[in-house]
Amino acid sequence: MTVDHQRYNVVVVGGGVNGTGIAMDAAGRGLKVLLCEMNDLASATSSSSSKLIHGGLRYLEHYEFRLVQKALAERESLLRNSPHIMWPMRFRLPHRSHLRPAWMIRAGLFLYDHLAKREILPGSKSIRFDESGPLKPDITRGFEYSDGWVDDARLVILTAKKAQQSGATILTRTKCVHAERGRDEWQITLRDTDTNADQIISAKCIVNASGPWVSSLFGESLSMPAPKMIRMVKGSHIVVPRLNQEEEAYILQNEDDRIVFVIPYEDNFSLIGTTDVEYEGDPKKAKISPEETTYLLDIVNSHFKRQLEPSDVVWSYSGVRPLMDGEEENAQKASRDYTFEVSEEKDKAPLISVFGGKITTYRKLAEAATDKICHFFKNTRGHWTKTAVLPGGDFDNQINLAASLNQAYPWLPEKLVSRYVRTYGTTSRDILNNCASVDDLGKHFVGTLYEKEVEHLIRNEWAVTSEDILWRRTKQGLYASDSEVEALDSYLADKADKAEA
């Protein structure tokens, strides 16, 4: 843990999508910002989503029109700013007349098409299924509409990178263990979670963007009661071998009024989720239960010809969503919107806390939070993130970028080009610099992961462990055997030993 300056305008606690979004926006407005994250970036909720940039079609049933409109309006801005890690996706909704009548779905899709302006994404339409498709033969009718895909963990990493490029200091594996509130500033104790070394810094303002820990941080580090509590809801996903070869995703209705997505994932797989289960305890220990696995498989098996069993699950993950606590009995009805609590006692340094939120509206949340921060500072710059391209996103489309890389590096395997394009965009050239053959990429670890990329991730993207690299920076963990993970662990340990020597 190294800090160049001990005094900051803003300290952001939490390295998820909201925290990095706020750090990026505030730094770009001219504020001196430090972000601390006690683990790796995106190590909790922000890497455990359904990987969608979407308005939330099902939220219309809960009358959350403002949230849906806000999210729909954001989709195209995000798609333009990050064409490497986000892209449009069509969703097929099989019609089950005993669950929702066709007129209700058509009305919902009409609203979905028209609540916000669309320029990139095509509108919805009715479709027919035939026996050549993956669905059971009794499902013959359905609907199709547009939303977007996102690599959620990469979004967080690249947002943190943009924050750093704007002047922010990003400290991972650094915990805010104590903050003392003074007249004009906070005295904050940061602890390096690897060495347990402490350092004290000061800041005019603290932003508590710690996600599932937002309420507990008040008692543990801020020595004050939480202004409100969050509702922790566990969402679990499973990954299975690819169920359908088409590019479209499916949105499946279930008897309990919930929906489940089946999404093309990393070329060879399908991502299935999510569940909504009330959760108590440490968010880091959330794991899928056998009941959740059965629930997801049963829904898929009621729609698809190919029948799945628990043995087909190649990976699963669970995340805890910090939702605003209301009086709704069902977790699925709890709002996905966000709110802020601003504590600005007279003659006391301010504290801003973020409650709730979803990935699609992270930029809007960050903009609104930074507006509140700027109330406490003079001469800050105005809004800028709506058209801010994230690192590597300065290209027109993935096809043209892939063609450019193929021309510059004709020896690159097709799978490597494809993954680099959708992981790094134009930053791929930084990894490939001075390479003239596959051998120049160095040691091969697993799948399409080579030493040059690992070095890039350690040097430029705060990667430390094999988990950081295999699951959050890349998804090569899907292909890794135990021995390959051990080989990467060994390589990283050797590098760490040499760095300390």
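Note that these values count all heavy atoms, side chains included, but never hydrogens, waters or copies made by symmetry.
- No more than 12 heavy atoms of other residues, nucleotides or ligands shown are found within 6.0 angstrom of CD on Q407.
- Side-chain atoms of S82 do not come within 3.5 Å of backbone N or O of L79 as any donor-acceptor pair.
- Classification of the W315-W471 ring pair by plane angle, with boundaries at 30° and 60°, yields parallel.
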Q: Let me see the working for R154 and E461 under salt bridge (Lys or Arg N to Asp or Glu O under 4.0 Å), right down to the final yes or no.
A: CA-CA 10 Å; R154 297 275 331 142; E461 294 194 1; 2.7 Å; yes
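- Between H237 and Y317, the ring planes lie parallel to each other; the angle is under 30°, not in the 30° to 60° tilted range.
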Show me the side-chain donor-acceptor pairs of residues 14-21 shorter than 3.5 Å, one per line, residues at least two apart or across chains.
from: T20; atom 1: OG1; to: G16; atom 2: O; distance (Å): 2.9
from: T20; atom 1: OG1; to: V17; atom 2: O; distance (Å): 3.3

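- Taking all atoms of both residues into account, the shortest heavy-atom contact from R258 to Y295 is NH1-OH, 3.1 Å.
- To the nearest 0.5 Å, the span separating CG on D40 from OG on S47 amounts to 8.5 Å.
- For residues 477-489, there are no salt bridge (charged side-chain N to carboxylate O under 4.0 Å, His left out) pairs, not counting sequence neighbours.
- Side-chain contact between L78 and L155 is absent, with no heavy-atom pair separated by less than 4.5 Å.
- With hydrogens and angles ignored, the 3.5 Å screen pairs no side-chain donor or acceptor of S49 with any backbone N or O of S46.
- The local environment of NZ in K415 is sparse, with at most 12 non-hydrogen atoms from other residues, nucleotides or ligands closer than 6.0 Å.
- From T385, atom OG1 reaches atom CG of L390 across 9.5 Å, with rounding to the nearest 0.5 Å.
- Nearest heavy atoms, V320 versus P212: O-CG, 3.5 Å.
- Closest heavy-atom contact between A27 and A163: CB-O, 4.0 Å.
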Q: Could you go through the salt bridge (Lys or Arg N to Asp or Glu O under 4.0 Å) check for E455 and K495 one step at a time?
A: CA-CA 10 Å; E455 293 291 326; K495 278 195 67 66; 3.2 Å; yes
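- Annotation: side chain of V300 is not in contact with side chain of Y250 (no heavy-atom distance under 4.5 Å).
- With contacts defined as side-chain heavy-atom distances shorter than 4.5 Å, the pair M38/S210 does not qualify.
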Q | Test log, rule side chain to side chain contact (heavy atoms under 4.5 Å, CB included), inputs E309 and L297 | A | CA-CA 7 Å; E309 300 192 12; L297 292 176; 5.7 Å; no
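- Between atom CZ of residue R141 and atom CD1 of residue I139 there is a gap of 13.5 Å, rounded to the nearest 0.5 Å.
- The closest side-chain donor-acceptor pair between R29 and T380, if any, does not fall under 3.5 angstrom.
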Q. Where do L470 and V446 land on the side chain to side chain contact (heavy atoms under 4.5 Å, CB included) test, with the steps shown first?
A. CA-CA 9 Å; L470 294 175; V446 57; 3.9 Å; yes
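- A search for side-chain contact (heavy atoms from CB on, under 4.5 Å) contacts involving T294 returns D298, not counting sequence neighbours.
- Residues R306 and D312 are not paired through a salt bridge, judged by the lack of any N-O separation under 4.0 Å between the basic side chain and the carboxylate.
- Listed here is the closest heavy atom pair of D113 and R118: O-NE, 3.0 Å.
- A donor-acceptor pair is defined here as one N or O able to donate and one able to accept, closer than 3.5 Å; such a pair exists between the side chain of E76 and the backbone of E119.
- Between the T474 side chain and the Q476 main chain, a donor and an acceptor come within less than 3.5 Å of each other.
- Counting only N and O atoms by type, the side chains of D430 and Y424 include no donor and acceptor under 3.5 Å apart.
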Q | Audit row: L109, L93, side chain to side chain contact (heavy atoms under 4.5 Å, CB included) steps and yes/no | A | CA-CA 11 Å; L109 289 173; L93 194 165; 5.5 Å; no
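- Minimum interatomic distance between M232 and P283 (heavy atoms only, all atoms of both residues): SD-CG, 3.9 Å.
- Between L72 and the choices K70, R75, Q69, the side chain to side chain contact (heavy atoms under 4.5 Å, CB included) rule is met once, by R75.
- Using modelled atom types, one side-chain atom of T195 and one backbone atom of A197 make a donor-acceptor pair closer than 3.5 Å.
- With contacts defined as side-chain heavy-atom distances shorter than 4.5 Å, the pair L492/V464 does not qualify.
- With hydrogens and angles ignored, the 3.5 Å screen pairs no side-chain donor or acceptor of Y420 with any backbone N or O of A402.
- In this structure, the side chain of Q253 engages the main chain of P94 through a donor-acceptor pair within 3.5 Å.
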Donor-acceptor pairs under 3.5 Å, side chain of residues 259-273 to any protein atom, not counting sequence neighbours: which ones?
from: E266; atom 1: OE1; to: R422; atom 2: NH2; distance (Å): 3.4
from: D267; atom 1: OD2; to: R422; atom 2: NH2; distance (Å): 3.3
from: N268; atom 1: ND2; to: Y479; atom 2: OH; distance (Å): 3.3
from: S270; atom 1: OG; to: L243; atom 2: N; distance (Å): 2.9

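- Between R90 and P122, some side-chain heavy-atom pair lies under the 4.5 Å cut-off.
- Inspection of the R472 and T465 side chains reveals no N or O donor paired with an N or O acceptor under 3.5 Å.
- In terms of modelled atom types and a separation under 3.5 Å, the side chain of Y112 and the main chain of G55 share a donor-acceptor contact.
- No side-chain donor from either of H84 and D151 sits under 3.5 Å from a side-chain acceptor of the other.
- No side-chain heavy atom of V313 sits less than 4.5 Å from a side-chain heavy atom of I288.
- Between D440 and N434 the shortest heavy-atom distance is OD2-O, 4.2 Å.
- The distance from atom CD1 of I399 to atom OG of S404, rounded to the nearest 0.5 Å, is 14.0 Å.
- In this structure, a donor-acceptor pair under 3.5 Å is absent between the side chains of D439 and S437.
- Q164 meets the side-chain contact (heavy atoms from CB on, under 4.5 Å) test with K161, I170, W462; sequence neighbours excluded.
- Between the OG atom in S43 and the CG atom in D468 there is a gap of 8.5 Å [rounded to 0.5 Å].
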Q. Should D147 and M89 be marked as a side chain to side chain contact (heavy atoms under 4.5 Å, CB included) after you check the CA-CA gap, both sets of side-chain angles, and the distance that decides it?
A. CA-CA 5 Å; D147 261 321; M89 184 173 281; 5.9 Å; no
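- At least one donor-acceptor pair under 3.5 Å links the side chain of T275 to the backbone N or O of S236.
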(Q) Let's go through K358 and E74 carefully: what are the C-alpha distance in whole Å and the side-chain angles of both, what is the deciding distance for salt bridge (Lys or Arg N to Asp or Glu O under 4.0 Å) to 0.1 Å, and is it a yes or a no? (A) CA-CA 12 Å; K358 61 199 295 283; E74 272 296 284; over 6 Å; no
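- W384 meets the side chain to side chain donor-acceptor pair (under 3.5 Å) test with D25; sequence neighbours excluded.
- No donor-acceptor pair under 3.5 Å is formed between the side chain of T172 and the backbone N or O of L41.
- No cation-pi contact links R58 to F91, judged by a cut-off of 6.0 Å to the six-membered ring centre and 45° from its axis.
- Put simply, CD on E453 and CD1 on I431 are 5.0 Å apart, with the number rounded to the nearest 0.5 Å.
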